[in-house]
Amino acid sequence: MASRIEIPIKGMDCAGCVKSVNQAIEQVPGVKSVDVLLSAEKALIEIDSPELIEEIEKVIVKAGYRVPDSKNRDSSGETEADEFEVLRQKALRLFGIVFGAILLIVVAGEWFGLFDSVTAFIPFELGVVLVLLMGYPVFRKVVLSAMQGNVTVHALMTVGALAALIAGEWVTSAIVVFFMRTGDFIETYTTNKARNAVRSLTDIAPKTACVIRNGQETDIPISEVRTGDKIVVRPGGQIPVDGVVLEGYATVNQSAITGESMPVEVESGSSVYAATIAEGGRLLVKASAVGRDSTFGRIIRMIEEAETSRGPVQRYADQFSAWYLPVVALVAVITYLLSRDLMATVAVLVVACSCAFALATPIALLASIGSCAKKGLLIKGGKYLEKLAKADVLLIDKTGTLTFGQPEITDIIPLNGLSSGELLIYAASTEQYSEHPLARAVIEKARNLNLVLIKPDQFESMPGVGVKAVIDESVITVSNLRNTNTNIDQKVIDKLEKQGKTLMLIQQNSIPVGLLAARDKERNEIGAALDMVKELGIKKIELLTGDNKEVASSLADKLNIDFRAELLPEDKIRIVKQYQEKGHTVVMIGDGINDSPALAQADTGIAIGTTGTDIAIETAHITLMRDDWLLIPELIRTARKTMNVIKGNFGFTTLYNVVGLTLAAFGFLPPVLAAAAHSLPDIGILFNSSRLLER
Ligand code: ADP
Ligand code: MG
């Protein structure tokens with residue numbers, strides 16, 4: 001039986017590291033699948049038996065990375081032993097940098113003739129020792145990976161540095177190593193900066209909760225809180241769990257989840273979410289989901305795991321960087337064979353910057369997905385941003401998406417001698433287990449009239465059609481009028497539909513016993529939002545609905561978009577597929593409740609209008625955590641900007657490598673300069689990608 005485990009990993013600085021860790025774990029027999037996450041610094045592994053964990057931890061360490069001690073691993077991840085290790089690494093790095101800087105000054109000084117050959121006084125052997133000392137952390141990783149059959153990004157530079165040593169140029173070698181370390185440092189910095197976008201989210205995760213146990217209020221770590229616990233939230237305090245308010249009143253800032261800082265009011269019976277802040281007022285909350293299971297916990301997990309769904313661009317980048325190393329090695333060999341110039345060969349090995357290729361996409365995606373999460377845009381993977389950026393068809397579901405999904409019953413028309421009350425009791429009792437907005441409207445109406453509902457014996461939901469249940473030993477259906485033969489006066493039907501109302505037919509044992517009409521309010525900002533979407537070049541916008549033609553056309557005309565009405569859920573999927581077969585990239589927007597199959601079929605499925613309910617988060621590729629249509633054009637803009645940043649990253653990395661390799665191969669670039677130039681693309685990626693962090 002396969003199970004999924006998580007192992008935290010420290011010391012991964014760049015996309016290349018991710019690859020070597022991935023390969024190392026993959027080679028362990030019994031491992032079914034591995035995903036190594038750069039942002040969350042962990043591996044998600046599917047294994048056959050739990051005994052493998054130790055073995056896997058061993059290979060990670062063997063590959064040159066660290067696994068925090070499982071005994072001291074707490075929810076925050078960092079441990080004391082870890083801090084010591086971090087300090088040690090910092091000290092090592094500092095030594096490398098200070099020593100390298102002195103060396104650089106000396107060499108540059110000699111070059112410009114400021115002082116005479118200082119380095120000449122240092123014996124060659126001592127120089128070799130210095131090089132090995134300074135390069136130790138990098139050499140170690142290269143050798144460890146090589147032993148496992150992996151060629152890492154630093155392999156070329158390492159070979160270059162050794163070649164320079166063999167040529168007797170220890171100073172050159174030392175400078176190469178110095179820049180190799182500097183490059184490492186820049187990569188770590190870049191990765192951390194992008195990681196921070198995600199980490200600043202995890203940082204606000206609740207850590208403790210004040211629970212009432214045995215009648216006493218006690219503060220306990222969040223890991224010890226159970227569902228059902230009663231939790232006290234003090235004024236100004238963070239709500240530590242998802243739950244329902246039992247007592248109290250407060251205004252809650254939900255920006256941690258929705259990105260919207262306008263507070264909402266909660267009172268007894270309201271739902272509250274972990275990581276939101278109760279600004280005023282004291283609350284007593286009954287916990288319904290804690291930690292990883294809370295909405296906030298799931299958001300974090302989804303963002304962390306977003307890395308695993310790679311789009312075409314990223315797969316291309318991965319392939320490219322896999323090819324790049326052998327190509328550079330080949331150029332180096334040819335350079336040496338043709339020119340017999342060892343220094344030119346060293347320059348070729350040293351100038352090549354393959355890590356930048358591997359960094360180009362993940363850094364941009366990390367930054368983008370992380371900063372989107374803060375705005376209430378939950379994106380499940382770079383793949384979906386990629387598709388969104390080039391989407392040309394936008395399909396929109398109606399109920400709950402274009403409209404608020406809070407219809408109200410406007411007309412009750414009993415037939416066959418039933419009273420209005422009896423009709424409503426039948427309809428509402430049948431709808432009791434349905435999640436459809438119309439069902440809620442019917443039940444609400446019955447409640448307002450203080451009608452007592454009957455518990456249905458059997459219940460069946462017919463997606464896109466209606467519901468069926470056995471009430472008082474007769475079969476009651478509530479459905480739309482399609483495919484039904486009724487003797488109801490067509491004029492009555494036409495009149496109601498012309499008013500933009502949705503009709504429900506109630507039948508008892510296949511005999512019509514009444515009609516209910518409902519009307520939903522549309523969201524106001526949609527017109528403006530769709531205009532922006534059109535300006536962004538998405539010309540084809542279509543409303544897809546299961547509702548009647550009149551309702552659909554009145555909405556579509558107002559928004560100046562196309563529509564198709566009276567569709568079943570499978571029709572919606574078929575339409576999405578048809579567009580895709582014609583080569584279009586399709587975005588589908590829905591509420592994720594009864595249109596999830598179409599959302600899943602679309603290239604990018606966006607859920608809106610459910611304020612981040614569980615189903616929406618599970619089914620959609622992108623979830624809007626707050627109901628604001630203006631987020632749609634913003635999302636498209638962000639997607640395009642992200643792709644532009646990625647293309648930019650690739651563009652100048654390629655340019656740099658072509659120019660650099662050419663100059664180096666023809667001997668125009670001394671190894672020392674080549675080493676100095678090595679990190680330019682990394683710095684470029686850092687600056688270019690930080691454009692995505694702006695708010
Ligand atoms: P939309 O495409 O607008 O989101 P749905 O596919 O959810 O609409 O439903 C299509 C139609 O099916 C509704 O307009 C309604 O007539 C009918 N319907 C679906 N579910 C129910 C229900 N639970 N009760 C009554 N009618 C329903
Ligand atoms: Mg719907």
Side-chain angles (χ1 to χ4, degrees), residues 395-412 423-424 426-446 456 459-469 471 476-484 486 493 496-497 500-507 512-523 526 542-556 559 561 563-576 588-599 605 607-610 615-616 619-620:
L395 304 177
I396 308 171
D397 179 62
K398 185 187 70 79
T399 312
T401 309
L402 270 191
T403 61
F404 279 101
Q406 290 160 350
E408 278 171 20
I409 301 295
T410 52
D411 304 76
I412 305 170
L423 176 64
L424 256 181
Y426 277 151
S429 304
T430 311
E431 293 277 23
Q432 267 180 104
Y433 300 128
S434 169
E435 298 220 27
H436 201 275
L438 283 173
R440 270 181 270 144
V442 176
I443 296 164
E444 177 85 9
K445 186 77 185 176
F459 171 79
E460 190 190 328
S461 163
M462 304 172 283
V465 178
V467 288
K468 188 198 257 180
I471 308 276
I476 308 285
T477 58
V478 184
S479 69
N480 51 39
L481 289 157
R482 241 167 301 141
N483 307 323
T484 51
T486 61
I493 295 173
L496 290 169
E497 288 195 340
K501 290 171 184 168
T502 304
L503 290 186
M504 284 168 270
L505 172 69
I506 294 89
Q507 298 180 91
V513 291
L515 280 177
L516 293 176
R519 189 159 56 199
D520 203 353
K521 284 201 243 11
E522 63 215 78
R523 299 171 191 269
I526 295 184
E542 201 170 4
L543 166 63
L544 303 183
T545 180
D547 212 336
N548 67 59
K549 287 204 175 77
E550 301 295 337
V551 174
S553 77
S554 76
L555 263 174
L559 296 170
I561 58 177
F563 75 90
R564 280 185 240 190
E566 305 192 347
L567 300 170
L568 291 175
E570 49 267 35
D571 298 327
K572 297 184 187 175
I573 305 178
R574 206 195 59 235
I575 293 168
V576 173
M588 166 101 201
I589 306 181
D591 58 12
I593 291 178
N594 50 15
D595 43 25
S596 44
L599 286 186
I608 184 176
T610 40
I615 343 177
T619 57

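Atoms considered below: every heavy atom in the structure, side chains included; atoms not considered: hydrogens, waters and symmetry mates. Counting starts at 1 for both ligands and their atoms, in listed order.
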Record the part of [X] in heavy-atom contact with ligand 1 below 4.0 Å; permitted values are side chain, backbone, both and neither.
X      : value
Asp397 : side chain
Lys572 : side chain
Val442 : neither

Atoms in ligand 1 flagged as close to [X], the criterion being non-hydrogen separation under 4.0 Å:
X      : result
Thr545 : 1 (P), 2 (O), 3 (O)
Lys398 : 3 (O)
Val467 : 23 (N)

Determine whether a donor-acceptor pair (N or O, by modelled atom type, separation under 3.5 Å) exists between the side chain of [X] and the backbone of [Y].
X      : Y      : result
Asp595 : Ile589 : no
Arg482 : Gly546 : yes
Asp591 : Ile608 : no
Arg440 : Ser434 : no
Ser429 : Pro456 : no

Heavy-atom proximity to atom 15 (C) of ligand 1, best of Thr399, Leu516, Leu438: Leu438
Sub-3.5 Å N/O-N/O distance, [X] and ligand 1:
X      : value
Thr502 : no
Val478 : no
Arg482 : no
Gly464 : yes
Ser479 : no

Rounded distance (nearest 0.5 Å) linking atom [atom1] of [X] with atom [atom2] of [Y]:
X      : Y      : atom1 : atom2 : result
Met462 : Leu568 : CE    : CG    : 11.0 Å
Gln507 : Lys468 : CD    : NZ    : 10.5 Å
Met504 : Thr477 : CE    : OG1   : 12.5 Å

